[in-house]
Amino acid sequence: MRVVYMGTPDFAVRPLKKIYEAGHEIVGVYTQPDAWKGRSKKLLPSDVKKAALELGLDVLQPEKLRESSAVEELRALAPDIIVVAAYGQILSEDVLNIPKYGCINIHASLLPKYRGASPIEASIINGDEKTGITIMYMAKGLDTGDIISQEEVEIGLHNAETLAVRLSEVGAELVVKTISDIENGSATRTPQDDSESSYCGKLDKSMGQLDFSKSAVELERLVRGLYPWPCAYMTLDGKNLKIIDSEVTDVKDESVQVGSVCEVTKKYFVIRCSEGGLKIKKLQPEGKKPMDTVAFLNGYRVRVG
């Protein structure tokens, strides 16, 4: 198959490599333009661009794929199929109609649940036991196309970073099998049940503020769901602390009010929640690097109450 691949973050790297290893002819890799990142404001390529160049593939980075010149450039590549994984641009109807076998998308949820931009984070924050990968035909609506194949993944104690890696691995295997099924005519297509759909929007820093009037179970899921970005956070003595790793525990001193420190040891401290306590295991103080709570407590006095 002549494949055009579209993706940007690390999540999209493994499927690209798997398609390449399967022997398909990748005639072009589309990714978002290089972006200014970090405090040094260096212009950096996407993870997919770096991987594509290592494989010796042609990389294209149009600002807007909708523009007629970009569409014509894509049409000239004459792809049999376009594979998309977290590309970051909406494909126009002109683009969707180019390949013989259509455009397929690797989506990190069991559609129709969690259409939208943050399905991995949503599945953790909402306490789901499982999520998965859906390979679907792309349509004009947002993640509304017919389902071709799916595979479930247990969430367990994954955070958003490690779960994305696991889903990327599953997606890489599944998309290669799905491309083969499409090519030999054995692929099925199942319309989504819109009545069972849910939507998750883009992540926002304000989502990370820990509200201790909620249960420790809810807050521990929020910590995992928002790592590595934007991260859950709280304030201690007026300074922001990003919370990287936490655990649900019992509250030993129930005389301490909700939202206050209720236990301190040499290795951790606990915040009382409306139900249970949130044990802080790893954090990042304002303006400093991430550290275990042990190191934090060595240099900062935390008191019960």
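Worth saying up front: this structure is predicted, and the values here are computed from it rather than measured.
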Do the non-hydrogen side-chain atoms of [X] and [Y] ever get within less than 4.5 Å of each other?
X      : Y      : result
Leu65  : Tyr87  : yes
Ile155 : Ser123 : yes
Val302 : Leu297 : yes
Val165 : Arg14  : yes
Tyr227 : Ile124 : no
Arg272 : Glu254 : yes
Ser46  : Pro9   : no
Val153 : Leu163 : yes

Do [X] and [Y] have a side chain donor and acceptor closer than 3.5 Å?
X      : Y      : answer
Gln150 : Thr134 : yes
Glu263 : Tyr268 : yes
Ser92  : Asp94  : no
Asp181 : Thr178 : no

Could you report the tightest heavy-atom contact between [X] and [Y], atom names first, then the distance?
X      : Y      : result
Ile106 : Gly171 : CG2-CA, 4.2 Å
Leu219 : Cys273 : CD1-SG, 3.9 Å
Lys289 : Gln284 : C-CG, 3.8 Å

I need the single residue from Ile280, Leu222, Ile271 that forms a side-chain contact (heavy atoms from CB on, under 4.5 Å) with Ile243. Which is it? Ile280
Name of the residue among Val270, Leu210, Thr249 meeting side-chain contact (heavy atoms from CB on, under 4.5 Å) with Leu278: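 In the set Val270, Leu210, Thr249, the residue that makes a side-chain contact (heavy atoms from CB on, under 4.5 Å) with Leu278 is Leu210.
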Candidate pair Val4 and Val27, rule side chain to side chain contact (heavy atoms under 4.5 Å, CB included), full reasoning: CA-CA 6 Å; Val4 161; Val27 296; 3.7 Å; yes
Any Lys/Arg nitrogen of [X] or [Y] sitting under 4.0 Å from an Asp/Glu carboxylate oxygen of the other?
X      : Y      : answer
Asp237 : Arg301 : no
Lys50  : Glu54  : no
Arg166 : Glu169 : yes

Just wondering, are more than 12 heavy atoms of other shown residues or ligands nearer than 6.0 Å to [atom1] in [X]?
X      : atom1 : answer
Asp34  : CG    : yes
Lys279 : NZ    : yes
Asp211 : CG    : yes
Ile90  : CD1   : no

Main-chain N/O of [Y] paired to [X] side chain as donor or acceptor, under 3.5 Å:
X      : Y      : answer
Asp143 : Arg115 : no
Ser109 : Lys113 : yes
Gln192 : Gly145 : yes
His158 : Ala164 : no
Asp58  : Gly28  : no

Evaluate the criterion side chain to side chain contact (heavy atoms under 4.5 Å, CB included) for residue pair Lys177 and Glu151; output intermediate values, then yes/no. CA-CA 12 Å; Lys177 181 183 181 301; Glu151 187 167 336; over 6 Å; no
Candidate pair Ser197 and Asp194, rule side chain to side chain donor-acceptor pair (under 3.5 Å), full reasoning: CA-CA 5 Å; Ser197 70; Asp194 290 340; 5.3 Å; no
Under the side chain to side chain contact (heavy atoms under 4.5 Å, CB included) rule, what do Met6 and Leu74 come out as? Steps first, then yes or no, please. CA-CA 11 Å; Met6 299 181 177; Leu74 174 57; 3.9 Å; yes
Between Phe269 and Phe296, what is the ring plane arrangement, given parallel below 30°, perpendicular above 60°, and tilted in between?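 Tilted.
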Hey, mind stepping through Arg75 and Glu72 against salt bridge (charged side-chain N to carboxylate O under 4.0 Å, His left out) and telling me if it holds? CA-CA 5 Å; Arg75 185 175 282 116; Glu72 290 309 311; 2.4 Å; yes
Derivation of the side chain to side chain contact (heavy atoms under 4.5 Å, CB included) call for Leu57 and Tyr5: CA-CA 10 Å; Leu57 302 172; Tyr5 189 83; over 6 Å; no
